[in-house]
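The next block holds one structure in the form of structure tokens; read it before the comments.
Just so you know, these numbers come straight off a predicted model, no measurement behind them.
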Amino acid sequence: MDIYSISNLKIKSVVKVTNKVTGSQSIHYGTFLNFFQLIFVVSGEAKVVFDNTVIHNQPGTVVFLPQGKCTNYYAQILEEEECIAVFFEAEFPAPTSLFCQSFIKNTKLPVLFEKLYRIWQRKETGFYHQCMSVFYALLSEMELSSLKYIPNHKSEKLNTAIEYIHAHYTDSQFQYALLPSLCGISYTYFKKLFLERFCMTPSEYIKNLKLRLACELLLSNQFSVTQVAEACGFQDLCYFSKFFKANVGIAPSQYSGVQGLRGGSDEN
């Protein structure tokens, strides 16, 4: 799952941090993160290592760090750095790996992160719901910025297939081979356009739709795991359970209970 597939976010804290130049020394942050983190680099420069992956923080960089244990997490500050960090909880399925992308050309994101920080710090009446609204807005802006531009005449070629996907993705015998023919193009060209528009393959797109539906149905506590599997187009309950656990990290029978324990509002 990618960062844009996370649902039911709950902000725990929004902070602005200034890191002084460390020279050859590093700032160590430990090896366990209590919450997911979304960090926006306002200014400065730093070399960061997270789970043995090296990233280069510069103005406009957005970094997502997954909740839980990591191998290592430290930073070497090359130029005094200012960041806005959002600490939050979220429902499964959630990404388990680092995400880092430069949004240097996007002029809306700095404004949204600053707005989120300002509202959180003031904590005026209704601040929490305002913060959540801004948080979802900045995630939406990130997602839209991440998509490659596709001319309308190319993008429109996919519309028929996308409508078919949303109408039939729960079919037990979904016909992937039908998608390019619905658009009147070859499979190779169809897959190329799909990747350009959604940054994922058709099968990954459909997998995400199935996972979201399964999570929603399980959270309702109105359906058995067998009923959820059938509703998502799985004829084999064992296969559905393996599919769900491989992508979410826990068995479907445990999902609603885990999410229930994570409930509760944080608004003062």
How about [X] and [Y]: do any of their side-chain heavy atoms sit closer than 4.5 Å?
| X | Y | answer |
| --- | --- | --- |
| Phe113 | Val86 | yes |
| Gln130 | Trp120 | no |
| Leu138 | Phe40 | no |
| Thr61 | Cys100 | yes |
| Ser97 | Phe64 | no |
| Phe88 | Lys10 | no |
| Ile250 | Lys245 | no |
| Ile27 | Tyr29 | yes |

With a cut-off of 3.5 Å and sequence neighbours excluded, list every side-chain donor-acceptor pair involving residues 178-188.
from	atom 1	to	atom 2	distance (Å)
Ser181	OG	Leu178	O	2.7
Ser186	OG	Tyr189	N	3.2

Determine whether a donor-acceptor pair (N or O, by modelled atom type, separation under 3.5 Å) exists between the side chain of [X] and the backbone of [Y].
| X | Y | result |
| --- | --- | --- |
| Ser133 | His129 | no |
| Gln254 | Ala251 | yes |
| Gln235 | Ala229 | no |
| Gln67 | Asn34 | yes |

- Message: Just checking Tyr176: does its OH atom have more than 12 heavy atoms from other residues, nucleotides or ligands closer to it than 6.0 angstrom?
- Response: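 Buried by this count: over 12 neighbours within 6.0 Å.
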Interatomic spacing from [atom1] in [X] to [atom2] in [Y] - rounded to 0.5 Å:
| X | Y | atom1 | atom2 | value |
| --- | --- | --- | --- | --- |
| Phe198 | Glu204 | CZ | CD | 13.0 Å |
| Phe36 | Leu38 | CZ | CG | 11.5 Å |
| Leu65 | Leu33 | CG | CG | 6.0 Å |
| Ile206 | Tyr169 | CD1 | OH | 10.5 Å |
| Cys232 | Phe244 | SG | CZ | 9.0 Å |
| Leu9 | Leu139 | CG | CG | 6.5 Å |

According to a hydrophobic-cluster definition based on side-chain heavy atoms being under 4.5 Å apart (Ile, Leu, Val, Met, Phe, Trp, Tyr only), do [X] and [Y] belong together?
| X | Y | result |
| --- | --- | --- |
| Leu193 | Ile162 | yes |
| Val62 | Val14 | yes |
| Leu116 | Tyr136 | yes |
| Ile55 | Phe99 | no |
| Phe243 | Leu219 | yes |

(Q) For a side chain to side chain contact (heavy atoms under 4.5 Å, CB included) check, start with the C-alpha distance between Gln121 and Lys16, then their side-chain angles and the critical distance, and finish with the verdict. (A) CA-CA 10 Å; Gln121 293 303 309; Lys16 183 177 285 188; over 6 Å; no
Grouping ILVMFWY residues whenever side-chain heavy atoms fall under 4.5 Å, the cluster of Phe35 otherwise contains Val15, Val17, Phe87
* To do: Show your reasoning for whether side chain to side chain donor-acceptor pair (under 3.5 Å) applies to Glu141 and Asn106.
  => CA-CA 9 Å; Glu141 182 62 31; Asn106 188 304; 2.8 Å; yes
Contacts of Asp171 meeting side chain to side chain contact (heavy atoms under 4.5 Å, CB included) (sequence neighbours excluded), chain-then-number -> His168
Practice prompt. Please step through side chain to side chain donor-acceptor pair (under 3.5 Å) for the pair Ser224 and Thr226, ending with a clear verdict.
Written response: CA-CA 5 Å; Ser224 67; Thr226 300; 4.5 Å; no
### Task
If the plane angle is over 60° it's perpendicular, under 30° parallel, otherwise tilted; pick one for Phe50 and Tyr73.
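Geometry flag for Tyr73 against Phe50: perpendicular rings.
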TODO: Describe, in one word, how the ring planes of Phe194 and Phe190 are oriented to each other, choosing from parallel (under 30°), tilted (30 to 60°) and perpendicular (over 60°).
DONE: tilted
Check step by step if side chain to side chain contact (heavy atoms under 4.5 Å, CB included) holds for Glu80 and Asn19.
CA-CA 6 Å; Glu80 184 170 298; Asn19 294 314; over 6 Å; no
Practice prompt. Could you walk me through whether Ile84 and Val41 pass side chain to side chain contact (heavy atoms under 4.5 Å, CB included), step by step?
Written response: CA-CA 7 Å; Ile84 296 175; Val41 181; over 6 Å; no
Of Glu79, Glu45, Glu81, the one forming a side chain to side chain contact (heavy atoms under 4.5 Å, CB included) with Gln58 is Glu45
For Tyr205 and His166 the tightest heavy-atom approach is OH-NE2, 2.8 Å
Flag the pair Phe135 / Tyr128 as yes when their ring centroid distance falls below 6.0 Å, and as no otherwise.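 No: the rings miss the under 6.0 Å criterion.
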When you look at Val48 and Val63, which way does the side chain to side chain contact (heavy atoms under 4.5 Å, CB included) test go after all the steps? CA-CA 10 Å; Val48 180; Val63 181; over 6 Å; no
- request: Please name the residue in the list Asn52, Thr31, Thr53 that meets the side chain to side chain donor-acceptor pair (under 3.5 Å) test with Asn72.
  value: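 When side chain to side chain donor-acceptor pair (under 3.5 Å) is applied between Asn72 and each of Asn52, Thr31, Thr53, only Asn52 qualifies.
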